[in-house]
Amino acid sequence: MVGFLPPPLPSRVKASSVSVNPSNTGAAPAGGAARVLDANAAATAAAWNRRSIEAVSNPYDMSLWSNDGHFTKRSWVESEQIPKISPSARYPLDESKQTVLIEGHVAGVQAKTFQPGSSLPKAAKYPSTPAAGETGLRSNQRPRANKAQGQRPKGNSRELEGMIRERKFAEALKVIEETRGRGMFGQRQLNALLNAAGKAGNLKLAERVFDEFALSGLRRDVATYSIMVSIYGKLGAMEKAVNCFAQMEHEDVKANAFTYSALIEAYGRKGMVTNAGKSFQKMKSTGIEPNVVAYNALLKVFVNACRLNDAFEHVEEMERSGKKPDVITYGTLIDACSKARDVERAFFVFDKMRQMRVKPNKICYASLIDACSKARQVDRAFTVMALMKQDRILPDIFAYNALIDACGRAKLVDKAFKVRDEIVNSGLKPDKVTFNALISACGRARDLPRAYEVLDTMIQEYGYVPDRHTYNALIDACGKANRIDQAFEVYRRMNESGTRACAVTYNALIDACGRARKLDVALSLMKEMWKNGICPDNYTLNTLVAVCCRCGDINAAYDIIARIQAFGVQPDEVTYNILIDATGKRGDLEKAWALFEDMGHRNLEPTKITFSAVASACAKAQDAESGFKLLAAMVERRHDIDAATYWALDEASVGDSQHAIALRSRLKALRTPETSGPGDERILKSLILYAVGDATAEPCGAVCEIK
């Protein structure tokens, strides 16, 4: 391979001032020197002319060059040496474009062109004899060690990059430290090592590399600070991230959009949404135009804070500013809709993404399947999977796991196992999440023996060790199968294995106690949970309230709500739905209605389940006036009346009172195919009687399934 010419001679060095040494020219004409011309020649000359002229003993000594092809001494003196062609370690020449011109510094030398594949003059390849003061080596060639003397060759850029690829970060840093002050490595190499240490999560090593800049006499640039701020943010060292950003400003290094993006993401990981927004505005006020990366960084902050509306408004602002959302933008929005259980909005984003000709990736499809799963729309989930295959995107394990979860939520356990078989047939290996999802699917289907079979397959055939999620899924499966004894046996084995219980573990155990009507055991679990320093969440609150209501102790439910509020956990829509349903079944319509009104005071939006529970309370009390008020509230909030609520209000409209007649008339006007159908009236009236506690009711299979 033909080498490249060193930086061109400065314009102040005249050709006539350079003497010719015939011994160094080889086959080249006397007084001539070889030079390789390629696409980078113009850029090299321009870069040279922009730099100050420096003094070197020999401007053609390769050991004096820096990585960008420039000299490292202070000023320039004219050299008597003939320029020689030297290979470059940075820009290999395309063989199809190899053209070598022999140009003489003395007038009268004829230029000669060589075609690819032809032999080149000896001097054009390598000089036969190194000039005084030169090594005669290529710029990327290491001197051979003298084993007899025990000398160790020093590393170069290529060796360092190899160490980084092999994740030998400590050795790479040691090489940099050993060659400190020799100018062998620059900002690029140290930034690469810093970035690799950050991705490996090695904060201590990253800080050592960061300090090495000053020890090696190198100036930290904006890339250095951007990487370091990102590392601190990802590892949760928020204060250090802020201090690093301030240090950058103190050293007069101007931040760019990537630096601000790293700081915004750091704030987002700590839930500091306000600070993240202020950093975004500061970036704009300092004249830095946010790029797509910066917009996506703040978008993730809104998504992690469950601020879905703010996320959509932010993307609208992004589009108004002329920035085109990319696949990460749309994927983040779809994931946000999935977490908010807003499947329709997720499909809206997906459709818009395709309209804008942004091709969805595997993450987008997996998030959309997950959104369908949480909405219990299993058929839609399979449609998304089919569309993914139609777009020639091979489903990954994440998409398959989301589909198994969708089958489990719909209690279609056989379909879940068919998806598992498809994973194996596609050549993918089921992971722990796959088996945990299958155990959960078996639990929802009340198929406990099959759940244990999945556990055996996971351990014996695939060699996986059960983790916290495995134990939680199995405890939940035991509870749903009304096997509280097995639930606590799994909990015991979980403790013996050294796996630490979490809030989900205790929630599953408390739910099992509720199904077994063991309120005292549930309350003891609550105390054990607090003793172990595990804070309750909304699911804990709602599970305990449900247990109290199942056991008929509503006063205990109110006491638990007051105690858990001390942990910052507030009642939500589910809490009120449970209390309204329990008070309604006891015939306490006044209390149920007071809870319904209190939801509005707390800015909690009533759901379909809320209206159905209040309607059941009205039916239990045979109160047509309250039923009419409830129907008016549904119309005011533009809530569609479903079949269960319709027949509950119809049950409440008995009698000849003015409110009863008005309620029946209004219900007749609202009757739709969704509120009636063949056999619906018998089933739903049975459901209402069962819900209000009528012992004479014989709930059919459909009613029990709804319950």
Side-chain angles (χ1 to χ4, degrees), residues 187-188 190-201 203 206-207 209-210 220-308 310-336 358 361 363-364 367:
Q187 291 174 334
R188 184 174 66 85
L190 266 71
N191 282 340
L193 181 57
L194 179 66
N195 186 49
K199 289 182 177 179
L203 178 59
E207 290 179 332
V209 177
F210 187 76
R220 302 184 184 102
D221 59 6
V222 64
T224 310
Y225 280 103
S226 299
I227 295 170
M228 201 64 215
V229 171
S230 177
I231 292 173
Y232 282 134
K234 290 178 180 178
L235 299 180
M238 185 67 243
E239 185 177 352
K240 288 186 176 182
V242 175
N243 291 338
C244 185
F245 190 88
Q247 180 183 351
M248 178 187 62
E249 294 179 329
H250 179 72
E251 293 185 5
D252 200 25
V253 178
K254 187 177 180 181
N256 59 18
F258 295 99
T259 320
Y260 277 102
S261 299
L263 185 63
I264 290 169
E265 288 186 356
Y267 279 125
R269 287 186 174 90
K270 288 293 184 180
M272 304 170 71
V273 183
T274 303
N275 296 71
K278 288 181 179 179
S279 297
F280 188 82
Q281 295 301 326
K282 180 182 177 182
M283 173 175 54
K284 296 169 66 176
S285 64
T286 54
I288 301 174
E289 184 178 1
N291 55 14
V292 176
V293 176
Y295 275 104
N296 288 343
L298 187 57
L299 175 63
K300 292 176 183 177
V301 174
F302 289 135
V303 171
N304 292 335
C306 300
R307 292 169 56 168
L308 186 60
D310 290 335
F312 274 89
E313 291 176 4
H314 179 67
V315 174
E316 290 176 0
E317 178 188 342
M318 176 182 179
E319 293 175 325
R320 288 194 298 268
S321 67
K323 300 295 183 297
K324 183 180 178 181
D326 60 3
V327 65
I328 296 177
T329 313
Y330 289 114
T332 305
L333 278 179
I334 294 173
D335 181 60
V358 178
N361 58 15
I363 299 176
C364 298
S367 298

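If you take OG1 on T286 and CD on Q281, they are separated by 11.0 Å, rounding to the nearest 0.5 Å. In this structure, F280 CZ and H314 NE2 are separated by 5.0 Å, a value rounded to the nearest 0.5 Å. Here the CZ-CD distance, from R320 to E316, works out to 6.0 Å after rounding to the nearest 0.5 Å. Summarising the geometry, atom NZ belonging to K284 is positioned 15.5 Å from atom NZ belonging to K282; distances are rounded to the nearest 0.5 Å.
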| message | The test is side-chain contact (heavy atoms from CB on, under 4.5 Å); show your working for N296 and M318 and say whether it passes. | response | CA-CA 9 Å; N296 288 343; M318 176 182 179; 4.3 Å; yes

| Going through the checks in order, is the ring pair (Phe, Tyr, Trp, His ring centres under 6.0 Å) test met by F312 and F302? | CA-CA 9 Å; F312 274 89; F302 289 135; over 10 Å; no

| task | Mind running side-chain contact (heavy atoms from CB on, under 4.5 Å) on Y225 and M228 for me, showing each step along the way? | result | CA-CA 5 Å; Y225 280 103; M228 201 64 215; 5.5 Å; no

| request: Show your working on side-chain contact (heavy atoms from CB on, under 4.5 Å) between M238 and V242 and close with a plain yes or no. | output: CA-CA 6 Å; M238 185 67 243; V242 175; 3.5 Å; yes

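Residues V292 and D326 approach most closely at CG1-OD2, 3.5 Å, considering heavy atoms. Pairing each heavy atom of A241 with each of A266, the nearest pair is CB-CB, 4.4 Å. When all heavy atoms are compared, the tightest approach of I288 to A255 is CD1-O, 3.1 Å. Residues N191 and A223 share a closest heavy-atom pair of ND2-CB, 3.9 Å. The minimum heavy-atom distance between A276 and I264, with the atom names listed, is O-CG1, 3.8 Å. In plain terms, the two heavy atoms of V358 and P325 that are nearest each other are CG2-O, 4.0 Å.
With sequence neighbours excluded, the residues that form a side chain to side chain contact (heavy atoms under 4.5 Å, CB included) with N275 are Y267, M272. Among residues two or more places apart in sequence or in another chain, the side chain to side chain contact (heavy atoms under 4.5 Å, CB included) test is passed with T332 by L299, K300, V303, I328.
The backbone N or O of F210 sits less than 3.5 Å from a side-chain atom of R220, completing a donor-acceptor pair. No donor-acceptor distance shorter than 3.5 angstrom exists from the side chain of S367 to the backbone of C364, with no hydrogens or angles considered.
Within a 6.0 Å radius of CD in E251, more than 12 heavy atoms belonging to other residues, nucleotides or ligands are found. By the neighbour-count criterion of 12 heavy atoms within 6.0 Å, atom CD1 of I363 is sparsely surrounded, having that number or fewer from other residues, nucleotides or ligands.
No side-chain heavy atom of L190 sits under 4.5 Å from any side-chain heavy atom of T224. At a threshold of 4.5 Å between non-hydrogen side-chain atoms, the residues P290 and K323 do not count as touching. With contacts defined as side-chain heavy-atom distances shorter than 4.5 Å, the pair T329/Y295 does not qualify.
Side-chain contact, N291 with N256: no donor N or O sits under 3.5 Å from an acceptor N or O. Using a 3.5 Å distance cut-off with no hydrogens or angles, the side chains of E207 and Y232 do pair a donor with an acceptor.
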